[in-house]
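So the structure is just underneath, and the comments pick up after that.
Keep in mind that this is a model prediction, so the values were computed, not measured. Remember, it's 1-based here, ligands and their atoms both numbered in the order they're listed.
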Amino acid sequence: MTIRLTINGQIRTYDGDPRDSLLDALRRTYRLTGAKDVCREGFCGACTVHIDGQAVPSCLRPMGLLEGADVTTIEGISSPEGFSPVQAAFVEHDVVQCGMCFPGMVMSMTDFLKRNPSPSRAEVKTAMAGNLCRCTGYEKIVDAVMSVQADERANR
Ligand code: FES
Ligand code: FES
């Protein structure tokens, strides 16, 4: 079974087992290792990507269900001009320690801010519930996310 999908704007085909997870296909077949392989059970959020514009854990998505899907990974979220606003805020606020949670957090928070551009701090924390970080204590990450929407408000 050949599956055709778009990954970071490029049409790709997948000829492996349709039960293979998107996470494995990304990392092993397409060599896109930004989505992290941690729990493989949908708990940690480290493997989060966008499928058809929505943040989802790629470890739970079998390739067989992705015919025609539009996938964006952390590798596809920046532009030739540089980091995406969420990436830039994470760097600016120095949120990264080991970095395992970073790509999934960026993908989740990018989707969240698209749907809720002016969230409260409590809403950011709730939206972050599916992304575990064992290093930072979360407060700096929340600061970074809040700064994105503050900057965007200032630019309106
Ligand atoms: S590796 Fe997918 S949610 Fe943890
Ligand atoms: S920085 Fe280490 S898990 Fe978040």
In this structure, CD of Q87 is separated from CD1 of I74 (nearest 0.5 Å) by 4.5 Å
Closer than 2.8 Å to atom 2 (Fe) of ligand 2 - protein N, O or S atoms, ordered by chain and residue number
C98 SG, C135 SG
Backbone of L22 reached by a side-chain donor or acceptor of S58 within 3.5 Å:
no
Sort out for me which residue in T48, N8, T33 forms a side-chain hydrogen bond (donor to acceptor under 3.5 Å, both in side chains) with T73.
N8
Out of curiosity, does L66 fall in the hydrophobic cluster containing M107 (side-chain heavy atoms, cut-off under 4.5 Å, transitive links)?
no
Which atom pair, heavy atoms only, marks the closest approach of S118 to E123?
O-OE1, 4.4 Å
Stepwise, does the side chain to side chain contact (heavy atoms under 4.5 Å, CB included) test hold for M128 with V145?
CA-CA 10 Å; M128 211 174 268; V145 176; 4.1 Å; yes
Take a 6.0 Å sphere around CZ of R121 and say whether it holds more than 12 heavy atoms from other residues, nucleotides or ligands.
yes
Pairs meeting criterion ring pair (Phe, Tyr, Trp, His ring centres under 6.0 Å) with involvement of residues 49-104, two or more places apart
F90-F102
Are there any protein N/O/S atoms under 2.8 Å from atom 4 (Fe) of ligand 1, and if so, which?
C39 SG, C44 SG
Quick one: list whatever passes side chain to side chain donor-acceptor pair (under 3.5 Å) with D94, sequence neighbours left out.
none
